[in-house]
Amino acid sequence: MAVEVPDGALSMGADLEERARVRLAESVPMAKVAAVHIDDDGAAGDIEAAIAALPASDGGDDDARFTVDGAEAHELMWYATQEIPDLLG
């Protein structure tokens, strides 16, 4: 989700398993949400492979890095806030 929050209102995971997770210190009203970005269903296989390859990629394995880069090549789909109920349904 794309949301404007004040500095200090969020924290990010430091561990490998948590580095993509963002935690907010307080609730954010839906009125503050600008958009939602989601991977296409077709990206699922590449993303699962990339998750499995992350430790080896971080360790310098070129083949694993290629797998991670493959997942990063997928473009995120963009949805306006009025489309969120349809995404959750």
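Sequence positions, counted from 1, serve as the residue numbers for this chain.
Using a 4.5 Å heavy-atom cutoff, the side chains of T81 and V36 are not in contact. Taking the side chain as every heavy atom from C-beta outward, I38 and L87 approach each other to under 4.5 Å.
Between the OG atom in S57 and the CG atom in D63 there is a gap of 10.5 Å [rounded to 0.5 Å]. One distance of note links CE of M30 with CD of Q82; it measures 10.5 Å at 0.5 Å rounding. For the atom pair CG (L54) and OG1 (T67), the distance works out to 10.0 Å, reported to the nearest 0.5 Å.
Considering every non-hydrogen atom in both H37 and A35, the closest pair reads NE2-CB, 4.1 Å. In this structure, A80 and E83 approach most closely via the heavy-atom pair N-OE1, 2.7 Å. Taking every heavy atom of both residues into account, D40 and G42 meet most closely at OD2-N, 2.8 Å. Of all the heavy atoms in D46 and A71, the pair that sits closest is O-CB, 3.6 Å. V5 and L24 make their closest contact through CG1-CD2, 4.2 Å (heavy atoms, listed as atom of the first residue, atom of the second, distance). In terms of heavy-atom proximity, M77 sits nearest to D39 at CE-O, 4.0 Å.
When the shell of 6.0 Å around CD of E72 is examined, it contains more than 12 heavy atoms from other residues, nucleotides or ligands. Applying the 6.0 Å contact sphere to CG of D86 captures more than 12 heavy atoms from other residues, nucleotides or ligands. Heavy atoms from other residues, nucleotides or ligands lying under 6.0 Å from CG of D41 number 12 at most.
In this structure, Y79 is a member of the same hydrophobic cluster as V28, with clusters built from ILVMFWY side-chain heavy atoms closer than 4.5 Å. No single ILVMFWY cluster, assembled from side-chain heavy atoms under 4.5 Å apart, contains both W78 and V33. Note on V22 and I51: separate hydrophobic clusters, where clusters join Ile, Leu, Val, Met, Phe, Trp and Tyr whose side-chain heavy atoms are under 4.5 Å apart, directly or indirectly.
Salt-bridge formation is not detected for the pair R65/D61: no Lys NZ or Arg NE/NH1/NH2 atom is positioned less than 4.0 Å from an Asp or Glu carboxylate oxygen.
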